[in-house]
Amino acid sequence: MTPSILEKYAEIVGWDVIDQLHQLVVPLKDIKVVHVNSTKKGGGVAEILNKLVPLKRELGIDASWEVIEGNQEFFKCTKSFHNALQGNRVDIPKTLLEEYERVNLENADRLRGILTDADIVFIHDPQPAPLLRSFPERKGKWIWRCHIDASHPYRPIWKYLREFIKDYDASIFSLSAFAQPLPHTEFLIAPSIDPLSEKNIDIDPAEVESIVSGLGIDLSRPIMAQISRYDFFKDPVGVVRAYRLTKKFVPDLQLVLAGGEATDDPEAQAVLDEVNIAAEGDKDIHILLLPSDAHRTINALQRASDIVLQKSTKEGFGLTVTEAMWKGKPVIGGDTGGIRIQVVNHQTGFLVSTPEGAALRARYLLFHRHLLEEMGEKARNFVRENFLLTRHLREYLTTMVSILHAKGDRIELE
Ligand code: UDP
């Protein structure tokens with residue numbers, strides 16, 4: 001008989017974890033839960049819902065997932081929200097805001113049946129946030145789930161969005177640093193990785209070798225890698241500098257920078273140009289442009305690396321950090337955002353603020369292989385305990401139990 005999804009997870013996290021999920025779900029059996037976001041494919045939210053919704057169903061919850069439909073103007077507006085919540089000064093024309101609200105009214109009509117009757121509705125990110133206003137007759141509790149680094153939002157835009165968000169029964173943020181003052185209960189739930197996905201599943205060393213050597217990388221020599229979009233906040237030029245400083249002491253070191261294929265995004269191209277200039281003349285620097293479905297390649301690269309860097313200067317969570325740690329690699333990461341809750345300094349990796357700091361730590365690990373392995377083991381266990389899908393699901397279940405039993409008191413803010 002084919003094992004259920006939860007049985008497969010039990011092999012990784014143990015039956016205790018799965019049994020706990022079965023216990024937690026008892027008061028939630030047969031309740032109707034609907035998740036609403038703005039895309040079925042692409043991006044972390046879709047990735048997570050793709051896993052969470054079937055798992056909830058397997059546990060006996062009547063869970064479903066709806067996607068709002070929008071036009072170009074709508075997505076232009078919501079992209080600006082995203083940038084503004086992450087701190088950019090973006091002023092959005094009134095016409096775009098009107099389109100945003102109109103599209104939400106349209107979607108509210110389309111989803112009226114399913115959302116009115118649901119016991120719990122999770123609204124993900126700003127795109128569908130105004131839906132709540134169209135459901136004065138709603139039966140259930142509504143929760144706004146924010147996946148964005150909203151630690152320092154651009155105030156005028158936050159003020160506008162807050163008018164929709166404040167009326168929810170609760171909200172969920174990824175880190176305490178991202179939470180905002182709101183007149184309802186706020187929950188903190190960190191993201192997670194799926195250990196059974198192509199990107200994270202165990203692959204045997206022969207396959208790792210064949211994939212990595214196929215990219216022209218020599219597995220018999222040390223490898224330092226950063227897997228990240230070409231984005232200024234990911235500081236790939238700082239990574240090249242850290243590599244050069246380390247190479248003075250480890251002459252056969254290679255550097256792999258792997259990111260998505262160059263897109264029309266002028267900023268990505270500008271970052272890539274800078275990286276190419278910084279890397280010029282060094283055959284041991286491999287700058288890779290990978291297609292968006294290169295999950296197994298990324299998996300193999302993370303496994304083949306001796307040192308994994310994520311030298312971001314700003315980072316919402318940093319799934320790449322989790323992915324590398326899950327593969328037993330201590331991560332040398334920028335001392336910022338979500339990296340701080342994953343990299344426990346000197347335990348699961350090192351937190352650094354400069355290329356010099358990164359190089360110092362990389363050199364230390366390369367010369368103390370037993371520590372590299374010890375820290376890597378701790379990193380994998382830390383992910384097993386904290387950042388796998390099953391923990392994520394457990395926190396969703398406890399949030400649901402708690403919200404269904406809440407008295408609904410509003411919090412007075414000064
Ligand atoms: N990723 C990918 N291809 C690339 C670079 C990154 O598939 O060329 C993946 C990476 O493995 C991770 C995600 O994209 O799963 C990036 O998430 P993260 O939270 O690290 O950063 P973001 O790009 O969301 O800022």
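Whatever order the structure lists them in is the order used to number ligands and atoms, beginning at 1. Each residue takes its place number in the sequence, starting with 1.
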**OP:** Compute the ring centroids of Tyr396 and Phe122, then answer whether they are less than 6.0 Å apart.
**Re:** yes
Original post:
Can the ring centroids of Trp142 and Phe135 be said to lie less than 6.0 angstrom from one another?
Top reply: yes
**OP:** Compute the shortest N/O to N/O distance between Ser228 and ligand 1 and return yes if it is under 3.5 Å, no if not.
**Re:** no
**OP:** Decide whether an N or O pair under 3.5 Å exists between Ala258 and ligand 1.
**Re:** no
Within a distance under 4.0 Å of any heavy atom of [X], pick out the atoms of ligand 1 and give their elements.
X: Glu315; answer: 21 (O), 25 (O)
X: Ile298; answer: 1 (N), 2 (C), 3 (N), 4 (C), 7 (O)
X: Gly318; answer: 19 (O), 20 (O)
X: Glu323; answer: 10 (C), 11 (O), 12 (C), 15 (O)
X: Gly260; answer: 4 (C), 8 (O)

**OP:** Select the closest option to atom 21 (O) of ligand 1 among Lys234, His295, Lys314, Gln302, judged by heavy-atom distance.
**Re:** Lys234
Original post:
Quick one: do Lys327 and Glu323 make a salt bridge, cutoff under 4.0 Å?
Top reply: no
Original post:
Between Glu11 and Lys8, is the closest basic N to carboxylate O distance under 4.0 Å?
Top reply: no
Original post:
Where does the angle between the aromatic ring planes of Tyr160 and Tyr100 fall among parallel (under 30°), tilted (30 to 60°) and perpendicular (over 60°)?
Top reply: tilted
Show me, pair by pair, the donor-acceptor contacts under 3.5 angstrom made by side chains of residues 205-226, not counting sequence neighbours?
| from | atom 1 | to | atom 2 | distance (Å) |
| --- | --- | --- | --- | --- |
| Glu207 | OE1 | Arg296 | NH2 | 3.1 |
| Glu207 | OE2 | Arg296 | NE | 2.7 |
| Ser213 | OG | Glu209 | O | 2.6 |
| Asp218 | OD1 | Ser220 | N | 2.9 |
| Asp218 | OD1 | Ser220 | OG | 2.7 |
| Asp218 | OD2 | Ser220 | OG | 3.3 |
| Arg221 | NE | Asp252 | O | 3.0 |
| Arg221 | NH2 | Asp252 | O | 3.2 |
| Arg221 | NH2 | Asp284 | OD1 | 2.9 |
| Arg221 | NH2 | Asp284 | OD2 | 2.9 |
| Gln226 | OE1 | Lys311 | N | 2.8 |
| Gln226 | NE2 | Lys234 | O | 2.8 |

**OP:** Please state whether Gln310 comes within less than 4.0 angstrom of ligand 1, counting heavy atoms only.
**Re:** no
Original post:
Less than 4.5 Å apart, any side-chain heavy atom of Asn50 and any of Trp65?
Top reply: yes
